[in-house]
Amino acid sequence: MTGTVVTVVLGAVAVVLAFAAKQFFGEYFKKSGASAFDRSASWFSGRAKFGRRLVRRYAEAIARDFPAHAMGFVTDRTIDIDDVYVPLQYERGGERQDIYENIREKSCSVVIGPAGAGKSMLLKHSMLLWARQPRSTRVPVLIELHRCNASELSLVDHIVAELSRSRLNRGERIRDLVLRGLTDGSFALLLDGLDEVSRDDRHRVHEALRDLVREYPDCQYIVTCRDVVYQGQPLGPAFSHVVRVAEFDDAAVVRFLRNWRGLANPTELFTSLRTNPALMRLARSPLLLTMVVYLHTEVLTKSGRRLPTSRPAFYQEAIAHLLDRDAQLGRDRSIYQPGEKLAVLQQVALRSMELTGDDRRTIARRSLEATTKKLLPDLNLDQKHVKDLIDEIIERSQLLVAVDSVGVNFTFGHLTLQEYLTAVELADDPDGLLSRYAADPSAWRETVKLWCGATTRDSTKVIRAIFATTEPHHRILALECLAEATRVDADFADDVIQHFLARLDSDDPDWESIIAALGAVASDTRPRGIRVFDELTRLARVGNADAALALAASGLTQAADVLAGLVDQNHSARAALWGMGELALPALAVQAANAVVSAVDDIGRVGTPAAAEVLAGLLLWSSPDAIAVRAAWRLAQLLPNPGVEQQLRELTPPTDVDHEWDWVWQPFASGRDDPLTAICGRMAALLHGAAIPQDITTIDSRLAIPLAVLGLKRSGTPTTTQADEVSRLAGDRPVSTVLEDRSTPDELVFRICEALVRIGVVSPVERLLGRHTRSALAVLGWSTSAVVRTADWSTVRDVRGQTSHLWRVCKWGLGAIGGGTVLAGAIRCVLSLLGLWPLGPDWLSWSVLAAVVLFGVATVTDGLDWAVFELLTFLYDSLLGMGICIAAGIVLFVFGVVSGFQSLPLTLLGVIFALAAAAGACGWLARKWDRVRDNPFRRVFDAENARIDDRASVIAS
């Protein structure tokens, strides 16, 4: 009888535990199975398209093949893109704007600009950024369009060939993958160098591009082309979005110099350029700036010389070096003399300039040979030298660069080199220069100016003839020539200058050109330039706005000093002053120190690391709160710019600063003594709760995120009237969904954020962050209940471990040990009642078993209508019933533990305790990692960084 009772009791306990296990683990196994099915389906789907494995291999090939970029004018030397790349901008309406976001928002774009503006590097740098975090949603492929010259391959064939060159050659399968990717819109096609397509093939390539867009409209297309070639709309309305690359500003020049490997003192070189307006104007072009830095580091510094002071002198120096650098490179001596090669180049440049049409730079090999052959008798050389002489010019001087892979067409490295060589060739032929200019003024304008600076003869005749015409643009050219001319009649020059000085502030339609030309003349430190500078100063002091702008255009330090003293009496002086860039910093710093808030804004607009140093080193700690707060806003705006962090780390903050907000920079500090910790702490303290200047649209996310999350209002649900405004903007969808949806227009996102600010749900800084990070406010939610702890900010860069396995080990380990202990306790209760292994009073065992039976019966009968079962279920669901069950579980656990200590060896108990400790440690670590992953700071930080990683890329997601 006793054995029967024991068997029945143990069977009942086993049934109850099995049913409970099913209730507890059944849903888990169901979800795990569904998840495994989804993962396997996704994997098999990926095998049929451009999946993750191929994307990873492709990204590795890009990271290996793309970092090196030809220097441009010295093609046997390469530069590392990551070392020298400077983010570009585009200009619209006189304002510089972000070129990357502008391109990413359009499916088809054409990027135009002069030769050497950085168009090709723009695409290559975007490829490298993608390769560091490859995504299969949009795979970029860069096609060099010169490969289309004399080729019967379609653009799809070129895409397949490019992927094959990247070690993805899978035979016909790669073509199938390409066609599927094009159909799905999975490619971003970067089509570089439309201007390098030959004239014979250009129409065919234009038609192929139009057809490709029509057939595969879901892909992204970006075409680059020189502005002189892209006239009208040759690619049709699909490519109506045309972006012109802006020239470098001061901040970009500084970044470029700081990034150049081997440049010992970038600040010294920038100062030298800044005091030399003629060369500074050259430095606005990335290619010409590369020439300047190369000559400075490789030629002039080694020989103890300085940079030339004029454009013609600089070009002369550069060309002379390129024609005679065999000794420096350790090569065999040239067969031909530099003078012989220079004569050929001058003739080739002249013949190219005399061509009609839009593209005067492309030179066919046959034309090159014909020009050289005609010149050889004058050089006292036989006709057999034609090929060798041309090959030596191309391969050794590299002033002529092939624009196709077969060497059929060539071009000069930069248009101004061609114009300078043309000017030198016509040095003794002023009449020929004038006749050519009269036939095509726009094409020969720069050549005329360079001629005036390159020739040592009197240029009065040429300038007088141009000034004698009645058309304004001809007369303005005469003024521009005075800034370049080596020799010109003084009285005539004064007449020209007085003519244009009298036209200042007269609503002249050509006022911008006149101001720039007068500024160029005033930048000359010789007597004529000094007289013009003094006259412009006099006019500016009596309120002449154009004179103030002309002073700024001179690019002289003394012009900044003059304008700084006029900001109160001449409304144009302020704009002219900050438009001078770093030259204006000393004068602006003095004004800001005298509590002029507008001067702080102007320093921020300069935007260079030196401007950030002025803000952080002087104004951030100033006693007038208005100045310090304004400096903090401007500095927070500049902090993401390359070079700013490095510059600020060279500062020494005051010793008596308040360190309450130092936690803000803690995750990004380079060490315990990082000056940025105190600087950013001071900025955070000033920005917290401060009003945002109207023109600031974004600040460094490393400051915005902690301020936004910390300042989140928790005022509960807004009133019906307040909520109606936001709901009306969001439509029928939840606000967080609208903000997170990337198809939501930026303007609507901004209006919703502004409404949330007005009703007090979010702080102003949070609105500032949310305007550019769609998911930031969505993560925080309409009204968040997440606990915000400043200590969590320090973990935003910690490794986010995968916690699912840790939680599984914890739950299964502790569950198995705990469940086993409870089961052992239940068995001990039964044995105790049977008198086989007594433990404690019998009533305790009976009470526990009764609670277990109650739990089992209530669980099994849940949902039945029988009255007795409803009573049991009610008793189980009540607080009293739950308390009884919990107490019973505790007793069973204690019975199991006691039984284990009484019956198991110490070694086995040690193993069980070790396993329980290990499972508990896994749970503790998982909880810690989950806090790192899910704390409000980290979630917004990850959302913001997803945008920052692509900030300098043109590839759309």
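Just so it is clear, the model here is predicted, and its values are computed rather than measured.
Not one N or O on the side chain of Ser953 forms a donor-acceptor pair closer than 3.5 Å with the backbone of Leu129. In this structure a side-chain-to-backbone donor-acceptor pair under 3.5 Å is missing from Asp324 to Pro338. At distances below 3.5 Å, not a single donor-acceptor pair connects side-chain atoms of Ser459 with backbone N or O atoms of Ala485. The backbone N or O of Leu426 sits less than 3.5 Å from a side-chain atom of Trp451, completing a donor-acceptor pair. In this structure a side-chain-to-backbone donor-acceptor pair under 3.5 Å is missing from Asn276 to Ser272. Thr447 places no side-chain N or O within donor-acceptor distance of the main-chain N or O of Ala423, the cut-off being under 3.5 Å. Put simply, the side chain of Ser554 never gets that close to the backbone of Ala522: no donor and acceptor are under 3.5 Å apart. Between the side chain of Thr371 and the backbone N or O of Leu368, no donor-acceptor pair lies under 3.5 Å. Checked by atom type and distance alone, the side chain of Asn259 never pairs as donor or acceptor with a backbone atom of Phe256 at under 3.5 Å. Listed for the Glu484 side chain is no donor-acceptor partner under 3.5 Å among the backbone atoms of Cys481.
Counting heavy atoms from C-beta outward, Leu563 and Met580 have side chains that approach closer than 4.5 Å. The side-chain heavy atoms of Ile112 and Val245, taken from C-beta on, include no pair separated by under 4.5 Å. Using a 4.5 Å cut-off on side-chain heavy atoms (C-beta onward), Ile463 and Cys452 make contact. Here the side chains of Arg436 and Thr422 are not in contact, with every heavy-atom distance at 4.5 Å or above. Tyr420 has its side chain out of reach of Leu417: every pair of non-hydrogen atoms, C-beta onward, lies at least 4.5 Å apart. Looking at heavy atoms from C-beta onward, Leu273 lies in side-chain contact with Leu289 at the 4.5 angstrom threshold. Annotation: side chain of Lys341 is in contact with side chain of Leu389 (closest heavy-atom distance under 4.5 Å). For the pair Leu190/Ile143, no side-chain contact is recorded, criterion being any heavy-atom separation below 4.5 Å from C-beta on.
The ring pair (Phe, Tyr, Trp, His ring centres under 6.0 Å) test applied to Tyr437 returns His474, not counting sequence neighbours. Residues satisfying the side chain to side chain donor-acceptor pair (under 3.5 Å) test with His296, not counting sequence neighbours, are none.
Of all heavy-atom pairs spanning Leu577 and Ala560, the tightest one is CD1-O, 3.5 Å. Between Ser523 and Ala520, the shortest heavy-atom distance links the atoms OG-O, 2.6 Å. Scanning all heavy atoms of the two residues, the minimum distance from Val488 to Ala493 falls at CG1-CB, 4.3 Å. The minimum heavy-atom distance between Val197 and Asn149, with the atom names listed, is CA-OD1, 3.3 Å. Across all their heavy atoms, Gly555 and Pro277 have their closest contact at O-CG, 4.1 Å. Between Met280 and Arg274, the closest heavy-atom pair is SD-N, 4.1 Å.
Side-chain contact annotation: Tyr315 with Thr416, donor-acceptor N/O pair under 3.5 Å present. Using a 3.5 Å distance cut-off with no hydrogens or angles, the side chains of Thr608 and Asp250 do not pair a donor with an acceptor. There is no side-chain donor-acceptor pair under 3.5 Å between Thr455 and Arg457.
Taking the charged nitrogens against the carboxylate oxygens, Asp391 and Lys387 do have a contact shorter than 4.0 Å, which makes a salt bridge. Salt bridge absent: Lys124 and Asp192 never bring a charged side-chain N and a carboxylate O closer than 4.0 Å. Salt bridge annotation for Glu247-Arg281: absent, with no cationic side-chain nitrogen under 4.0 angstrom from a carboxylate oxygen. By the 4.0 Å N-to-carboxylate-O rule, Lys449 lies too far from Glu419 to be salt-bridged with it. With respect to the salt-bridge test (charged N to carboxylate O, under 4.0 angstrom), the residues Lys373 and Asp382 do not qualify.
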ask   = Step by step, would you call Tyr230 with Val223 a side-chain contact (heavy atoms from CB on, under 4.5 Å)?
value = CA-CA 11 Å; Tyr230 199 83; Val223 179; 5.9 Å; no
request  = Under the side-chain contact (heavy atoms from CB on, under 4.5 Å) rule, what do Arg531 and Arg526 come out as? Steps first, then yes or no, please.
outcome  = CA-CA 9 Å; Arg531 290 196 301 272; Arg526 293 175 295 179; over 6 Å; no
message = Applying side-chain contact (heavy atoms from CB on, under 4.5 Å) to Glu650 and Glu613, what does each step give before you reach the verdict?
response = CA-CA 9 Å; Glu650 298 175 4; Glu613 182 178 1; 6.0 Å; no
task = Assess whether side-chain contact (heavy atoms from CB on, under 4.5 Å) is satisfied between Thr525 and Ile530, documenting all intermediate values.
result = CA-CA 6 Å; Thr525 56; Ile530 294 174; 5.6 Å; no
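Note that OG1 of Thr224 is 8.0 Å distant from CG of Leu191, once rounded to the nearest 0.5 Å. We find the CZ-CG distance between Arg132 and Leu128 to be 5.5 Å, quoted to the nearest 0.5 Å. If you take OG1 on Thr267 and CZ on Arg258, they are separated by 5.0 Å, rounding to the nearest 0.5 Å. The structure places CD1 of Ile222 at 7.0 Å from OG of Ser126, a figure rounded to the nearest 0.5 Å. How far CD1 of Ile335 is from NE2 of His385: 9.0 Å, rounded to the nearest 0.5 Å. Asp440 CG to Met353 CE: the interatomic distance, rounded to the nearest 0.5 Å, is 8.0 Å.
Summarising the local packing, CD of Glu369 is surrounded by more than 12 heavy atoms from other residues, nucleotides or ligands at distances under 6.0 Å. Surrounding CG of Asn380 are at most 12 heavy atoms belonging to other residues, nucleotides or ligands under 6.0 Å away.
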